[in-house]
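Worksheet: one structure, shown below.
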Protein chains: 2
Amino acid sequence: MTDKLSLLEALKRTEYQLSGHGFRNMSVLQDAFRDVDALMESDIYGAGPVIEQFQDKLAACLGKEAAVFFPSGTMAQQIALRMWCDEKGTRKVAYHPLCHLEIHEQDGPKKLHHLEPILLADKDRVIELEDVTGLQEEIACLLLELPQREIGGQLPSYETLEAISAYCREKGIRLHLDGARLFEVLPYYQKTAAEICALFDSVYVSLYKGIGGIAGAILAGDKPFMEEAKVWKRRHGGDLISLYPYIVSADFYFEQRVHKMEQYYEEAKELAALFNECHAVQTRPAVPVSNMFHVHFSLPKETVEPILIQLYGETGIGLTGNLRENGEGGCYYEASIGDLYADVPKDKLHSMFRLLDTYLQQG
Amino acid sequence: MTDKLSLLEALKRTEYQLSGHGFRNMSVLQDAFRDVDALMESDIYGAGPVIEQFQDKLAACLGKEAAVFFPSGTMAQQIALRMWCDEKGTRKVAYHPLCHLEIHEQDGPKKLHHLEPILLADKDRVIELEDVTGLQEEIACLLLELPQREIGGQLPSYETLEAISAYCREKGIRLHLDGARLFEVLPYYQKTAAEICALFDSVYVSLYKGIGGIAGAILAGDKPFMEEAKVWKRRHGGDLISLYPYIVSADFYFEQRVHKMEQYYEEAKELAALFNECHAVQTRPAVPVSNMFHVHFSLPKETVEPILIQLYGETGIGLTGNLRENGEGGCYYEASIGDLYADVPKDKLHSMFRLLDTYLQQG
């Protein structure tokens with residue numbers, strides 16, 4: 001037992017939090033199922049109204065012929081890339097060095113599918129047209145992540161997306177969208193999901209980021225592609241007898257939140273501006289282009305952590321439960337606006353920032 | 001629209017059913033979560049009390065050092081076999097021709113892991129010691145399924161299991177248990193789960209067959225093996241941010257039913273005997289060794305289906321929603337005893353069987 005409160009414990013004791021929709025606890029599921037008809041039937045191995053209706057709804061939303069619900073985006077994206085590779089007869093694909101497939105999947109894409117990724121662009125910026133036109137090797141598929149999460153959620157311009165898409169079509173390169181946070185970037189682009197997705201051959205969206213479901217993902221594309229994706233889903237062990245716990249909750253929170261992305265985006269810009277007025281703080285990007293951004297402190301983690309713990313206790317407002325070193329002598333965390341931000345009283349919020357600024361100046 | 005009632009629709013209208021725990025609908029989840037503390041935290045990517053406590057409980061139950069919860073048995077078993085192959089440096093494994101990996105996984109084991117299965121034994125019987133000692137090629141792992149589901153749930157003797165286990169240890173062959181229905185065969189063997197599992201290097205059990213959860217599986221083995229299995233789970237896309245919808249429900253129904261397997265087994269023998277007294281019916285096995293068996297009708301499906309639909313309507317008792325041709329001119333279905341059988345009034349049950357016998361005689 002230690003007397004020292006961890007940052008996460010301190011966060012859990014706060015009355016208000018700046019990030020997210022709330023703690024990930026059992027109420028998330030209980031709320032989603034409270035008013036569901038008890039006699040409604042489970043999906044069975046990918047069939048049945050509960051899964052088919054949701055897939056059809058998301059296919060329509062994304063402007064694609066078909067959509068398939070997957071237990072995870074990891075599975076959905078590996079499968080999409082594998083299928084494009086099989087189509088072209090090469091294992092070469094291209095993506096960003098901080099792509100989920102490269103850094104969060106324990107080399108699953110290589111160990112299971114023998115994908116041979118070519119890493120495009122520098123780690124600290126998004127992929128631009130020149131990175132793609134400069135490719136020396138023939139690839140089956142290019143993956144773009146919108147927004148690029150690991151660098152604070154950055155985006156290429158819409159014109160760049162159009163140009164990359166046109167180039168890929170001309171060159172016979174399939175374009176896949178890692179749209180884990182696709183709904184979250186639509187207010188910045190001022191486009192519909194279908195308009196963005198029209199630039200891509202296949203699209204993955206997550207149902208537990210901005211949407212705030214429990215888990216699960218949608219992969220969408222044309223019909224033959226998605227039929228084959230179901231076969232691969234079975235091969236991966238993802239064709240569960242019942243996926244409805246994730247589907248029903250995804251649908252419940254999708255209805256609640258997909259129309260709130262504009263609000264989250266405006267709030268993210270407001271919050272980032274408050275951070276950028278503080279000493280020793282910079283957000284990346286400086287002006288958010290989605291509901292997320294990274295908060296970088298130029299002071300070391302050992303300095304910032306006790307400051308935050310004290311701040312939470314004094315103000316009742318929590319920022320994060322997890323500070324990471326940023327490799328530049330400072331530390332950072334990921335801010336992601338959800339339902340909770342709007343609940344923080346503005347006067348308390350501004351007092352908190354004044355206090356934070358004071359502490360960081362002294363830090 | 002058709003006026004003709006399908007067998008499944010007819011089944012759904014019956015008051016009593018002989019198989020299962022009830023229809024797979026939303027109430028299965030709602031019941032499991034009704035009394036769960038809303039503030040209990042989700043598991044996060046395989047960590048947290050909700051997943052760790054259940055894994056520890058199942059590890060103890062199976063007598064293994066460690067257990068990992070998987071979204072599916074398909075994923076768990078492919079990973080177990082892949083790991084044993086990597087250990088030995090060969091892709092050769094052996095299993096029954098009707099093994100789940102061979103017939104239900106769309107060649108996932110071959111497409112994802114390049115496993116090279118050697119099929120042991122004839123399709124209509126279980127693997128015996130001679131099949132194993134007669135193996136000409138070196139294999140990494142032998143998989144035994146207890147009971148062998150696709151042939152009605154048959155079992156080798158316990159002495160055969162011991163002999164195969166001893167032989168495999170002597171020859172450096174890893175022995176993996178497909179224990180999808182392990183709890184269901186313990187009454188026949190008169191052994192504990194740990195006693196059976198002690199004969200195997202790795203063990204998979206399902207949480208939605210006899211246990212009646214929503215989905216999910218446990219893979220158990222020694223600690224280093226299970227640590228590596230977690231890495232493979234991430235690679236497969238099975239390391240979901242939250243698996244608690246399956247874990248909480250698995251635990252809920254595990255507590256209710258793991259001690260009822262003896263009852264289900266006795267009821268299965270009773271029910272099989274009633275079928276075997278009817279004309280044109282034979283169960284496989286003739287005397288069940290678990291809660292399951294296959295009911296074979298020597299009449300064609302087109303004859304039996306209308307008989308069953310009429311029978312359900314007249315007696316209010318449903319047998320199955322799905323008849324399959326058995327390749328011998330007749331048809332069959334899988335009977336699997338769960339909670340529902342005990343609810344069928346005995347007088348109604350016997351009247352139903354008298355009527356069935358009459359109809360089949362006329363059939």
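Note: hydrogens, waters and symmetry copies are ignored here, and every other heavy atom, side chains too, is used. Every chain is numbered from 1, with letters handed out A, B, ... down the list of sequences.
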Parallel, tilted or perpendicular: which fits the ring planes of B:H114 and A:H114, with parallel below 30° and perpendicular above 60°?
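If you compare the ring of B:H114 with that of A:H114, the planes turn out tilted.
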Do any N or O atoms from the side chain of B:R235 and from the backbone of A:Q106 form a donor-acceptor pair under 3.5 angstrom?
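Between the backbone of A:Q106 and the side chain of B:R235 there is a qualifying donor-acceptor contact (under 3.5 Å).
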Is a side-chain donor or acceptor of B:Q78 paired with a backbone partner of A:G237 at a separation under 3.5 angstrom?
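Not a single qualifying donor-acceptor pair exists.
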Quick check on the interface: out of A:D31, A:I79, A:L243, A:D239, who has the most heavy-atom pairs with chain B under 4.5 Å?
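Greatest number of close heavy-atom pairs with chain B: A:L243.
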Under a 4.5 Å heavy-atom cutoff, which of A:M26, A:R24, A:E105 has the most pairs with chain B?
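It is A:M26.
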Might you point out which heavy atoms bring A:I241 and B:I214 nearest each other, and give the distance in Å?
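Of all heavy-atom pairs spanning A:I241 and B:I214, the closest is CG2-O, 3.5 Å.
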Taking all heavy atoms of B:Y246 and all of A:S242, pick out the closest pair and write down the distance.
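In this case the closest contact between B:Y246 and A:S242 is OH-O, 2.6 Å.
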Side chain, backbone, both or neither: which part of [X] has a heavy atom under 4.5 Å from chain B?
X: A:F70; answer: neither
X: A:E41; answer: both
X: A:K12; answer: side chain
X: A:H236; answer: both

Pair B:Y244-A:N25, side chain to side chain contact (heavy atoms under 4.5 Å, CB included): steps then yes or no:
CA-CA 9 Å; B:Y244 73 81; A:N25 60 31; over 6 Å; no
Quick check on [X] against chain A: is it the side chain, the backbone, both or neither that has a heavy atom closer than 4.5 Å?
X: B:F23; result: neither
X: B:Y208; result: side chain
X: B:D37; result: backbone

Top residue by heavy-atom pair count (under 4.5 Å) with chain A, among [options]?
options: B:K111, B:H104, B:K110; result: B:K111
options: B:L240, B:D43, B:T74; result: B:L240
options: B:V50, B:I44, B:L39; result: B:L39

Within a radius of less than 6.0 Å around NZ of A:K57, do more than 12 heavy atoms belonging to other residues, nucleotides or ligands occur?
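Counting neighbours around NZ of A:K57, more than 12 heavy atoms of other residues, nucleotides or ligands fall under 6.0 Å, so yes.
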For B:D35, does the CG atom sit with more than 12 other heavy atoms under 6.0 Å from it, leaving out its own atoms?
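No, CG of B:D35 has 12 or fewer neighbouring heavy atoms, counting only those of other groups under 6.0 Å.
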Would you indicate whether the side-chain heavy atoms of B:L29 and A:L29 approach each other to under 4.5 Å?
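Yes - at least one pair of side-chain heavy atoms lies under 4.5 Å apart.
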